[in-house]
Novice: 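Input: one structure, supplied below.
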Amino acid sequence: MENNKVVELVQELESALGNINLNKETLNDMQTELTHLREDMDNTKTENVTHAFIIQFHRKVRVLDDLMSYLVGDLNDNYGKTEEIKQALFEKVVRNEE
């Protein structure tokens, strides 16, 4: 029974780490998008800025901001779950060694 609990905790840890890795990959993608957006905005001549151009970038910034908000929330949740699993595994292993 004790071994089953450790196996279950390891599987939960693996799942939580997979979720964190997905969040990390999404953050990398968002960083790339934000870099491109900044480069586009840096290379824009202010006298050539049109209303449509401003709306286009505003929409991109809004979308990226919303995605970042959800992503950071998910990342924090997944990190918290992973920390709980790590602590449970640690306690299980330490108790078995004593």
Side-chain angles (χ1 to χ4, degrees):
M1 182 68 173
E2 294 294 317
N3 192 32
N4 287 343
K5 182 64 176 169
V6 171
V7 169
E8 182 181 320
L9 287 171
V10 168
Q11 289 171 342
E12 288 178 25
L13 181 60
E14 182 179 10
S15 175
L17 287 171
N19 289 336
I20 289 171
N21 188 52
L22 288 174
N23 293 147
K24 183 180 74 74
E25 291 299 320
T26 303
L27 277 173
N28 287 333
D29 292 342
M30 289 182 68
Q31 179 184 17
T32 300
E33 285 299 314
L34 284 171
T35 298
H36 291 308
L37 179 60
R38 179 179 176 182
E39 289 170 353
D40 288 347
M41 294 179 93
D42 287 347
N43 293 328
T44 300
K45 305 274 190 272
T46 55
E47 62 271 6
N48 295 333
V49 174
T50 64
H51 184 69
F53 182 78
I54 292 170
I55 290 172
Q56 174 190 3
F57 282 114
H58 184 244
R59 180 180 49 80
K60 285 183 179 183
V61 170
R62 259 193 349 259
V63 168
L64 291 172
D65 183 49
D66 287 347
L67 287 172
M68 184 66 81
S69 177
Y70 289 119
L71 180 62
V72 169
D74 287 348
L75 185 59
N76 287 329
D77 290 346
N78 287 324
Y79 181 80
K81 289 175 190 173
T82 303
E83 190 64 31
E84 290 171 10
I85 294 165
K86 181 198 71 150
Q87 187 62 35
L89 273 172
F90 177 78
E91 290 173 11
K92 187 83 167 149
V93 170
V94 170
R95 262 188 281 161
N96 283 340
E97 288 181 358
E98 292 177 349

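Keep in mind the model is a prediction, meaning the values are calculated, not measured. Count residues from 1 along the sequence.
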Novice: How would you list all residue pairs meeting salt bridge (charged side-chain N to carboxylate O under 4.0 Å, His left out) that involve residues 17-35, not counting sequence neighbours?
Specialist: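 Qualifying pairs: none.
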Novice: Do any pairs count as a side-chain hydrogen bond (donor to acceptor under 3.5 Å, both in side chains) and have a residue in residues 80-89, sequence neighbours left out, and if so which ones?
Specialist: Tyr79-Glu83, Glu83-Lys86, Gln87-Glu91
Novice: Can you name the side chain to side chain contact (heavy atoms under 4.5 Å, CB included) partners of Val72, sequence neighbours left out?
Specialist: Met68, Asn76
Novice: To the closest 0.5 Å, what do you measure between CG (Leu64) and CG (Leu71)?
Specialist: 11.5 Å
Novice: Taking only residues two or more places apart in sequence, or in another chain, which ones meet Thr35 in a side chain to side chain contact (heavy atoms under 4.5 Å, CB included)?
Specialist: Gln31, Glu39
Novice: In the single-linkage hydrophobic clustering (I, L, V, M, F, W, Y; side-chain heavy atoms under 4.5 Å), do Leu13 and Val6 co-cluster?
Specialist: yes
Novice: Sequence neighbours left out, what pairs pass side-chain hydrogen bond (donor to acceptor under 3.5 Å, both in side chains) with at least one residue falling in residues 65-75?
Specialist: none
Novice: When rounded to the nearest 0.5 angstrom, what distance separates CG in Asp77 from CD1 in Ile20?
Specialist: 10.5 Å
Novice: Test of understanding: with side-chain hydrogen bond (donor to acceptor under 3.5 Å, both in side chains), list the residues that count as partners of Arg59, not counting sequence neighbours.
Specialist: none
Novice: Determine which pairs satisfy side-chain hydrogen bond (donor to acceptor under 3.5 Å, both in side chains) with at least one residue from residues 12-23, sequence neighbours left out, and list them in order.
Specialist: Asn23-Asn78
Novice: Quick one: CD1 on Ile85 to CG on Leu17, what's the gap to the nearest 0.5 Å?
Specialist: 8.0 Å
